[in-house]
Amino acid sequence: MDIGKLWAGRVFGTNTGNLFIEFTELEPSIKGVLRFMDNNFGLTVYEITANYTDKLRIIGKAIQSREDIISSSWGGCSFWQSYQ
């Protein structure tokens, strides 16, 4: 399945802001960088990996955030997208 290399969108919920994903590898594994510009907390950058079965599952580890945010609170990210 061709998922494209560049994604952009908006996030709504507990955190809101703009999301940009650049997939740097699509085969044999899916890897890339996710940038999330939170309206309240600024930019956080995640290194991501993904896999695809019936859903695209993306998991990320924060690698950059605002200086005044303690690195242990950056956490990670994960989300799923179904394709038909």
Side-chain angles (χ1 to χ4, degrees):
M1 166 171 277
D2 183 10
I3 62 170
K5 287 197 172 205
L6 302 175
W7 291 15
R10 297 268 310 142
V11 174
F12 300 96
T14 302
N15 296 83
T16 60
N18 296 313
L19 179 77
F20 177 76
I21 297 176
E22 179 179 10
F23 292 109
T24 55
E25 284 183 41
L26 296 175
E27 292 182 24
S29 59
I30 303 171
K31 296 180 182 177
V33 175
L34 181 152
R35 290 173 176 81
F36 177 56
M37 180 57 112
D38 186 284
N39 292 339
N40 294 316
F41 299 106
L43 179 66
T44 302
V45 180
Y46 297 88
E47 186 175 72
I48 59 172
T49 58
N51 60 56
Y52 180 80
T53 52
D54 60 331
K55 296 180 181 182
L56 180 66
R57 182 170 189 236
I58 298 173
I59 300 171
K61 176 185 175 193
I63 57 173
Q64 177 187 336
S65 188
R66 234 172 50 183
E67 287 183 19
D68 61 335
I69 297 177
I70 299 170
S71 62
S72 63
S73 67
W74 293 358
C77 68
S78 63
F79 59 92
W80 299 263
Q81 173 65 48
S82 296
Y83 287 93
Q84 307 216 2

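Annotation: the span from I30 atom CD1 to I59 atom CD1 amounts to 11.5 Å, rounded to 0.5 Å. Of the inter-residue distances, the one linking D38 atom CG with T16 atom OG1 reads 6.0 Å to the nearest 0.5 angstrom. One finds the CG atom of N40 at 8.0 Å from the CG atom of N15 (value rounded to the nearest 0.5 Å). For the atom pair NZ of K5 and CD of E25, the computed distance is 9.0 Å after rounding to the nearest 0.5 Å.
In this structure the side chain of I3 reaches within 4.5 angstrom of the side chain of L26, judged on heavy atoms.
Shown here for R35 and V45, the closest heavy-atom pair between the two residues is CG-CG2, 4.1 Å. Taking both residues in full, the closest heavy atoms of L43 and M37 are given as N-SD, 3.5 Å, listed atom of the first, atom of the second, then distance. Closest of all the heavy-atom pairs between I48 and V33 is CG1-N, 3.8 Å. Here the shortest heavy-atom pairing between L56 and A50 reads CD1-CB, 4.1 Å. The minimum heavy-atom distance linking T44 with S65 is given by the pair OG1-OG, 3.5 Å.
For T14, there are no side chain to side chain contact (heavy atoms under 4.5 Å, CB included) partners at least two apart in sequence or on another chain. F36 pairs by the ring pair (Phe, Tyr, Trp, His ring centres under 6.0 Å) definition with nothing, not counting sequence neighbours.
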Where do F23 and I58 land on the side chain to side chain contact (heavy atoms under 4.5 Å, CB included) test, with the steps shown first?
-> CA-CA 11 Å; F23 292 109; I58 298 173; 4.0 Å; yes
Criterion side chain to side chain contact (heavy atoms under 4.5 Å, CB included) on L19 and R10, from CA distance to verdict | CA-CA 6 Å; L19 179 77; R10 297 268 310 142; over 6 Å; no
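With hydrogens and angles disregarded, no donor-acceptor distance shorter than 3.5 Å links the side chain of R57 to the backbone of Y52.
Clustering of Ile, Leu, Val, Met, Phe, Trp and Tyr by side-chain heavy atoms under 4.5 Å joins F20 with L6.
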